[in-house]
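Chain naming here is simple, since letters A, B, ... match the order of the sequence lines and numbering starts at 1 in each.
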Protein chains: 2
Amino acid sequence: MTIAIIDDELPMRRLLRAGLADGVRLVEAETGEAGIGLVAQENPDVVLLDLGLPDIDGIEVAKRIREWTDVPIIVLSARGQERDKIAALDAGADDYLTKPFGIGELQARIRVTLRHAERAKGPNPEALFESEGLRIDLSARQVFVEDSEIHLTPIEYKLLSTLVRHAGLVVTHKQLLTEVWGPAYAYEVHYLRVYMAQLRHKIESNPAQPRYLTTETGIGYRLRFT
Amino acid sequence: MTIAIIDDELPMRRLLRAGLADGVRLVEAETGEAGIGLVAQENPDVVLLDLGLPDIDGIEVAKRIREWTDVPIIVLSARGQERDKIAALDAGADDYLTKPFGIGELQARIRVTLRHAERAKGPNPEALFESEGLRIDLSARQVFVEDSEIHLTPIEYKLLSTLVRHAGLVVTHKQLLTEVWGPAYAYEVHYLRVYMAQLRHKIESNPAQPRYLTTETGIGYRLRFT
DNA sequence: ACCAATTCTTGATGCAGTCTTGATACTTCC
DNA sequence: GGAAGTATCAAGACTGCATCAAGAATTGGT
């Protein structure tokens with residue numbers, strides 16, 4: 001069992017260390033960026049996240065982590081405002097505790113998330129797609145073609161990452177549109193065509209005969225493995 | 001979407017009705033026993049549970065519900081003691097809000113539980129037909145013949161998947177036509193002939209003497225196992 | 001707060017793949 | 001042997017796809 005702590009305050013980390021030490025491996029980060037990297041590297045079972053980080057906002061950290069993993073995130077924050085809680089929970093957090101909190105309650109809430117994880121566990125989605133000349137790292141938000149990094153616009157990246165999360169499977173037009181542009185755009189198939197063309201130009205060596213981003217006529221698109 | 005409320009205080013139930021009314025069906029019970037029956041009967045998507053019930057304790061209600069279902073339980077309680085929270089969470093509750101709480105926070109926490117439930121449903125089981133040289137994976141929308149993938153057009157695929165869903169059984173002309181082309185085409189048997197021929201050419205090694213896609217003269221077609 | 005650069009949206013066009021339809025030959029059962 | 005049901009082939013109609021390009025909106029830097 002591994003628990004990741006993303007918090008810049010040493011006293012809080014000490015408290016957590018003292019309260020969680022039994023048979024658990026703790027890994028810690030003091031900034032948002034470091035925290036995201038830590039989660040990507042350690043693949044912990046639970047993430048304890050403070051909102052008041054020195055670099056990026058905790059909400060943003062939660063969103064970034066949610067881009068590639070469903071690991072339980074429990075927010076520990078001094079902010080008790082309702083709008084902070086709602087924002088954090090909707091950003092992908094699984095629970096929200098206001099400081100100060102009892103360590104026993106935190107332990108109980110960790111047990112709840114583990115119970116959920118136990119029930120939900122299946123083929124965990126890979127945070128990395130790698131195939132010959134193409135490498136896509138969802139946790140680092142980086143795409144490499146033949147070992148050189150490629151710049152993608154936000155929509156291009158979101159579209160590609162959606163395909164990566166379902167790598168090998170057909171993803172329907174509707175599914176892509178709702179996940180990338182939102183439910184209101186579920187039938188704007190033209191957008192997909194434009195952006196698939198752009199992605200192919202950036203990723204494929206011969207965009208007219210794609211190796212990776214293949215068309216499933218009448219259905220959607222697919223990211224092929226080989 | 002159905003939400004079950006187990007609470008004996010009318011003002012609280014009124015508050016919840018007002019705050020959750022949008023497109024949600026609310027079912028209510030005032031006692032623990034009635035609440036357990038309600039959950040069993042209505043099979044709600046979320047249960048909101050008060051701990052201070054007139055008959056049995058809320059903790060006990062949570063345990064009883066957990067004996068047969070994983071439906072999300074959110075405890076709403078006036079008791080703010082840590083030991084109550086721990087007891088409730090360990091009894092099977094998924095979240096614990098202390099009264100008074102903001103209705104917005106409750107809505108957000110309900111969204112979290114629904115997210116979890118969505119994820120726990122997981123990939124649909126047994127969407128796979130496999131027999132000697134033929135493999136059909138409905139979830140990936142892929143068809144393999146002798147380990148090499150076969151490309152099917154949308155109608156071809158829909159037709160084959162309909163046969164797969166009734167693998168081994170005879171599927172009538174009418175049934176196939178209504179499921180693939182729609183009710184308006186229920187008697188266009190000619191379409192079936194054309195597409196069955198195409199499917200056989202793609203799937204059978206000897207289309208004139210089909211091993212898998214067999215004709216049931218006057219009735220329909222069948223996908224044989226061996 | 002402004003300007004420049006990037007990114008997003010939208011329309012138009014040619015093309016490829018898919019569907020529909022008709023004609024014809026074959027098979028099976030009575 | 002005839003009739004109903006079935007298989008096959010092929011061409012035109014049609015839908016869906018790729019691509020280019022220009023104006024609108026947004027973003028980032030000063």
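Remark: A/Gln41 CD is loosely packed, at most 12 non-hydrogen atoms of other residues, nucleotides or ligands lying under 6.0 Å away. By the neighbour-count criterion of 12 heavy atoms within 6.0 Å, atom CZ of A/Arg66 is densely surrounded, having more than that number from other residues, nucleotides or ligands.
The side-chain contact (heavy atoms from CB on, under 4.5 Å) with A/Val164 is formed by just one residue from the set A/Leu223, A/Leu128, A/Val143; it is A/Leu223.
Pairs engaging residues 160-171 of chain B under the side chain to side chain donor-acceptor pair (under 3.5 Å) rule: B/Arg165-B/Glu179 [sequence neighbours left out]. For residues 204-214 of chain B, the side chain to side chain donor-acceptor pair (under 3.5 Å) pairs, not counting sequence neighbours, are B/Glu132-B/Arg211.
In this structure A/Arg25 satisfies the side-chain contact (heavy atoms from CB on, under 4.5 Å) test together with A/Thr2, A/Val27, A/Glu42, sequence neighbours excluded. Here B/Arg111 pairs with A/Asp90 under the salt bridge (Lys or Arg N to Asp or Glu O under 4.0 Å) rule; sequence neighbours left out. Listed by chain and residue number, A/Lys85, B/Arg109 satisfy the salt bridge (Lys or Arg N to Asp or Glu O under 4.0 Å) test with B/Glu105 (two or more places apart in sequence, or in another chain). Every residue meeting the side-chain contact (heavy atoms from CB on, under 4.5 Å) condition with A/Phe144, not counting sequence neighbours, appears here in chain and number order: A/Arg135, A/Gln142, A/Glu149.
Using a distance-only test at 3.5 Å, with no hydrogens or angles considered, a donor-acceptor pair links the side chain of A/Asp55 to the main chain of A/Glu33.
The shortest distance between side-chain heavy atoms of A/Leu160 and A/Leu213 falls below 4.5 Å. For the pair A/Leu159 and A/Glu156, the minimum side-chain heavy-atom distance is 4.5 Å or more.
Looking at every heavy atom in both residues, A/Leu26 comes nearest to A/Leu16 through CD1-O, 4.3 Å.
Near DNA chain C, meaning a heavy atom under 4.0 Å from it, residues 192-224 of chain B has B/Val194, B/Tyr195 in order of number. Of the residues in residues 170-182 of chain A, those lying under 4.0 Å from DNA chain D by heavy-atom distance are A/His173. Within residues 152-161 of chain B, the residues that have a heavy atom under 4.0 Å from DNA chain C are, in order of number, B/Thr153, B/Pro154, B/Ile155.
Atom OH of B/Tyr191 is separated from atom C1' of D/dC9 by 17 Å (rounded to the nearest Å).
A side-chain donor-acceptor contact under 3.5 Å links B/Arg200 and B/Thr215.
Inter-axis angle, ends of the helix from C/dA1-D/dT30 to C/dC30-D/dG1, five pairs per end, rounded to 10 degrees: 50°.
Protein chain A touches strand DNA chain C; the 5'-most and 3'-most nucleotides with an atom under 4.0 angstrom of its non-hydrogen atoms are C/dT7 to C/dT18.
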Please tabulate, for the side chains in residues 185-195 of chain B, all donor-acceptor contacts under 3.5 angstrom to protein atoms that are two or more places apart in sequence or on a different chain.
residue: B/Tyr187; atom: OH; partner: B/Lys174; partner atom: NZ; Å: 3.4

